[in-house]
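The chains referred to below are lettered A, B, ... by the order of the sequence lines, with proteins before strands, and numbering in each begins at 1. From a predicted model like this one, the values you see are computed outputs, not experimental measurements.
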Amino acid sequence: MVSRWTRTLIPTLREAPAEAESPSHVLLLRAGYIRKLGAGIYDYLPLGYRVLSKVAQIVRQEMNAAGAAELSLPVLLPIELYSGTRRDADYGDLLFKVTDRKGAVAALGPTHEEPITEALKGCVSSYKQLPLNVYQIQTKFRDEARPRSGLLRGREFLMKDAYSFHTSVDGPGGLSETYDRMYAAYVSVFRRCGLRFTAVEAESGPIGGSASHEFMVDAESGEDTVLKCAASGYAANVEKCEIGARQRGSLGLAAGAQPLAEVHTPAMPGIEAVAAHLKTAPQRMLKTIVFAVLGRAGEPAPAHRWVAATVRGDHEVNEGKVRSLSGYAVALADERAARAAGFAIGYVSPRVVGAVPGTLVLIDEDASADGPWVSGADKADHHVTGFDWRREIGGALDDPGRVRVGDVRNAMAGDPSPRAAGSRLETGRGIEVGHIFKLGTKYSEAMGFRVLDEKQQQRPVIMGCYGIGVSRTMAACVEMSHDAAGIVWPMPLAPYHVLIVPMKAEDPQQAALAQRLSAELASGGVDVLIDDRDERPGVKFKDADLIGVPVRLTLGDKALAAGSVEFKLRTDAGKGELVPIAQAAERTLAAVTAGLGGAPA
RNA sequence: CGGGCUGUAGCGCAGCUUGGUUAGCGCGUUUGACUGGGGGUCAAAAGGUCGGCGGUUCGAAUCCGCCCAGCCCGACCA
């Protein structure tokens with residue numbers, strides 16, 4: 001198709017609004033793709049909407065190819081829908097709520113597990129109707145505590161969400177089969193979008209195993225850390241990433257043992273401050289974080305009430321790993337409750353294993369080396385030096401009911417790979433654009449969605465769910481691909497493939513040529529924008545770079561006199577290359593086709 | 001939700017400390033002329049509830065109070 005600059009709306013800005021900071025936010029605003037209406041709420045102007053539509057179209061094609069059926073669910077959801085799964089409480093303030101004239105409360109859908117389960121519950125009752133995979137591309141709402149970075153974290157955003165339904169996990173028609181197919185479809189989607197990305201293992205769903213993957217666009221500005229092992233291809237996010245075999249310490253008495261000494265460290269709960277004050281390094285310190293064991297209604301009271309996890313000062317405790325090693329559902333302890341129980345929050349030491357009843361201490365392998373260590377002193381504003389595991393804790397170390405050693409910290413760059421001996425983990429930053437996981441029966445059980453199996457037994461349906469942030473993908477692409485002058489779109493997502501720039505818009509020869517070229521390209525399936533504004537060349541070139549259309553054809557006097565036009569890719573420097581007019585369309589078509597991955601446009 | 005900060009023309013900002021003509025500047029916009037290969041020059045013009053409400057005062061963009069909106073850091077993030 002062909003558009004004219006003067007007949008569409010592309011309000012480019014020389015200066016970015018002060019509130020925008022991240023590259024995608026600044027550039028999408030400056031290049032006239034989006035406008036802000038409120039915090040985390042944006043207009044998609046014509047360029048932005050074209051990109052958004054292209055992402056959505058690629059997603060749609062791949063979902064259809066993967067055997068999913070498109071539908072559309074309401075955004076306005078009666079709050080009662082959430083009562084069964086308790087997600088109104090889980091979501092808390094994240095859920096947007098509206099009240100109607102009768103006082104009834106509805107939520108604006110943040111995701112659609114409940115409504116889809118409700119919908120299918122009404123029309124699927126036999127195993128013969130399964131498996132089923134349905135999806136929608138729908139606006140979602142989340143009342144984010146802090147919307148930020150433009151489209152990357154909005155309060156209103158476009159998302160593709162798919163849900164699959166099965167009677168088994170394994171075998172033909174099972175959840176795993178669809179999960180694998182969706183994984184492959186996601187790889188296709190992001191490849192076709194022209195993105196550099198990594199699929200990483202994420203926190204497991206209720207079924208266990210590698211039941212969840214996140215798709216992360218590689219971008220320096222990403223909020224998430226991705227760990228990768230080059231040798232094995234293993235990749236995971238920080239929450240999930242395992243660490244390969246490490247040297248386990250002996251928890252012994254240090255050879256050069258020092259006496260335990262208490263030092264005054266006023267108002268210094270932080271590792272860094274204490275290390276500086278005591279002229280030691282965080283690697284020589286122990287950090288102990290207290291978690292509360294969550295009792296489950298209807299189950300016997302757990303043997304422990306608290307879990308204290310000790311890691312080296314330069315490491316971070318990983319809550320999921322604390323959960324696995326302890327075997328308990330835990331949450332970071334409420335500060336007041338923990339203080340009341342006897343924990344000097346901010347100054348806790350592993351000695352709490354004896355001092356506070358019902359405490360299980362988890363020691364990370366790196367923290368299990370011989371002392372002496374610097375640790376909290378279990379009283380406010382004090383630390384101890386010369387801490388020695390064997391001497392301070394003694395017998396508890398040998399009682400697995402009181403102390404366990406294992407992996408309880410976040411992986412870091414340089415840690416041993418869990419999949420390839422001798423290989424080390426590397427880190428990168430990413431932006432999460434897709435997430436797939438095996439849900440299991442959480443929603444179907446909570447909402448009573450059962451089908452009759454071949455043995456005439458009622459069985460809760462097994463579910464999977466699969467999300468892609470469509471608007472976020474658009475922004476992530478800009479984060480991944482831009483330069484000082486503006487956006488650099490990959491061909492598949494570009495709002496237009498080609499920008500034709502007649503230097504003098506009112507020159508009849510140039511106008512006619514622009515017309516002819518664009519018609520020829522359009523007939524080949526190319527999207528063309530003609531900059532027909534009566535602007536100075538500098539303005540047109542600056543805007544061309546800013547909006548980031550991949551191919552630029554410049555129509556100027558000198559080149560035309562020589563029977564040529566200038567052909568330039570956005571990624572090329574300079575004015576571009578002279579191409580005879582007769583070959584211009586063909587050359588452009590080839591570039592567009594190549595940029596689309598060889599697929600017909 | 002904690003910490004820091006900002007609201008003055010479409011965008012970027014000054015003015016506020018020390019209250020006092022008609023609230024300025026740059027960019028953008030409009031009109032005209034000259035120009036025409038990386039945001040050009042000249043001339044003229046349009047455009048403002050100074051975030052809102054209340055207070056102090058003869059007088060408030062400026063001082064005080066409350067509220068609202070927004071940004072950044074952190075917490076949080078299916």
**Asked** In dot-bracket form, how is RNA chain B paired, counting a Watson-Crick or G-U wobble pair only if both its distances are under 3.5 Å and using | for bases paired to another strand?
**Response** (((((((..((((......[...)))).((((((.....)))))).....(((((..]....))))))))))))....
**Prompt:** Do A:Gln136 and A:Asp161 meet the criterion of a side-chain donor-acceptor pair at a distance under 3.5 Å?
**Reply:** yes
**Message:** What I want to check is whether the side chains of A:Ser444 and A:Lys121 have a donor and an acceptor closer together than 3.5 Å.
**Reply:** no
**Prompt:** At under 4.0 Å between heavy atoms, what does A:Ala544 touch on the DNA or RNA strands: base, sugar-phosphate, or nothing?
**Reply:** nothing
**Asked** How far does the P atom of B:A43 sit from the matching atom of B:C68, given to the nearest Å?
**Response** 48 Å
**Item:** Modelled atom types, side-chain donor and acceptor of A:Thr12 and A:Asp543, under 3.5 Å
**Value:** yes
**Prompt:** Base, sugar-phosphate, or nothing: which does A:Ala39 touch, judged by heavy atoms less than 4.0 Å apart?
**Reply:** sugar-phosphate
**Request:** Would you state whether a donor and an acceptor, one from the side chain of A:Arg536 and one from the base of B:G40, lie under 3.5 Å apart?
**Result:** yes
**Asked** Do the side chains of A:Tyr163 and A:His112 get nearer than 4.5 Å, heavy atoms only?
**Response** yes
**Fill in**
Taken to the nearest whole Å, CG/A:Leu332 to C1'/B:A75 is 11 Å
**Prompt:** Say you pick atom P in B:G20 and the same atom in B:C63; how far apart are they, in whole Å?
**Reply:** 11 Å
**Request:** Quick one: do A:Arg552 and A:Asp572 satisfy salt bridge (charged side-chain N to carboxylate O under 4.0 Å, His left out)? Show the steps, please.
**Result:** CA-CA 10 Å; A:Arg552 191 179 91 194; A:Asp572 293 339; over 6 Å; no
**Message:** By nearest heavy atom, map A:Ala16 and A:Cys465 onto RNA chain B; which one lands nearer the 5' end?
**Reply:** A:Ala16
**Prompt:** Looking across every strand, which nucleic acid part, if any, lies under 4.0 Å from A:Arg472 by heavy atom: base, sugar-phosphate, or nothing?
**Reply:** nothing
**Asked** Between B:A46 and B:U29, how far is it from one C1' atom to the other, in whole Å?
**Response** 8 Å
**Message:** In this structure, how many angstroms lie between the P atom of B:G10 and the CG atom of A:Leu9, rounded?
**Reply:** 16 Å
**Plane angle bin for A:Tyr179 and A:His213 - parallel if under 30°, tilted between 30 and 60°, otherwise perpendicular** = tilted
**5′-ward residue of the pair A:Glu144/A:Ala485 relative to RNA chain B** = A:Ala485
**Message:** In whole Å, I'd like the distance from the CD atom of A:Glu535 to the C1' atom of B:G37.
**Reply:** 14 Å
**Asked** Between B:G15 and B:G7, how far is it from one C1' atom to the other, in whole Å?
**Response** 15 Å
**Prompt:** Charged N to carboxylate O under 4.0 angstrom, A:Arg153 versus A:Glu223?
**Reply:** yes
**Request:** Quick one: label A:Glu566 by what it contacts on the DNA or RNA (base, sugar-phosphate, nothing), any heavy atom closer than 4.0 Å.
**Result:** base
**Nearest-Å distance once atom P is located in both B:A45 and B:U6** = 36 Å
**Request:** Let me know the distance between CZ of A:Arg153 and C1' of B:C73, rounded to the nearest Å.
**Result:** 15 Å
**Request:** Kindly say whether, by distance alone, the side chain of A:Asp557 makes a donor-acceptor pair under 3.5 Å with the base of B:G36?
**Result:** no
**Check: A:Val200 main-chain N/O paired with A:Glu214 side-chain donor or acceptor under 3.5 Å** = no
**Inter-nucleotide P distance (B:C73, B:G28), Å rounded** = 31 Å
**Request:** Take atom CD of A:Glu19 and atom C1' of B:U6, then tell me their distance rounded to the nearest Å.
**Result:** 11 Å
**Fill in**
Of the candidates B:G70, B:G39, B:A75, the side chain of A:Lys36 sits closest to B:G70
**Prompt:** With a 4.0 Å cut-off on heavy atoms, is A:Lys504 in touch with a base, just the backbone sugar-phosphate, or nothing at all?
**Reply:** sugar-phosphate
**Request:** Taking only the side-chain nitrogens and oxygens of A:Arg148, find out if one of them lies under 4.0 Å from OP1 or OP2 of B:C72.
**Result:** no
**Message:** Just N and O in the side chain of A:Arg14: are any of them under 4.0 Å from OP1 or OP2 of B:G28?
**Reply:** yes
**Request:** Write down the distance between CG (A:Asp534) and C1' (B:A33), rounded to a whole number of angstrom.
**Result:** 14 Å
**Complete:** Separation of B:G12 atom C1' from A:Arg30 atom CZ, nearest Å, is 12 Å
**Message:** From C-beta outward on A:Glu15, which listed nucleotide comes closest to its side chain: B:G37, B:C11, B:G74?
**Reply:** B:C11
**Request:** Please state whether the base of B:C76 and the side chain of A:Arg146 form at least one donor-acceptor pair under 3.5 Å?
**Result:** no
**Message:** Closer than 4.0 angstrom, basic N to acidic O: yes or no for A:Lys287 and A:Glu316?
**Reply:** yes
**Prompt:** Rounding to the closest angstrom, what is the interatomic distance between B:G40 and B:G47 at atom P?
**Reply:** 25 Å
**Prompt:** Parallel under 30°, tilted from 30 to 60°, perpendicular over 60°: which one fits the rings of A:Phe197 and A:Phe215?
**Reply:** tilted
**Complete:** Out of B:G36, B:C13, B:A75, minimum distance to the side chain of A:Glu506 belongs to B:G36
**Message:** Say we look at B:U56 and B:C66: how far apart would their C1' atoms be, to the nearest angstrom?
**Reply:** 15 Å
**Request:** Rounded to the nearest angstrom, tell me the gap between atom CG in A:Leu28 and atom C1' in B:C11.
**Result:** 17 Å
**Message:** As a test of reading the structure: which of B:A75, B:G70, B:G39 is closest to the side chain of A:Arg155, going by heavy atoms?
**Reply:** B:G70
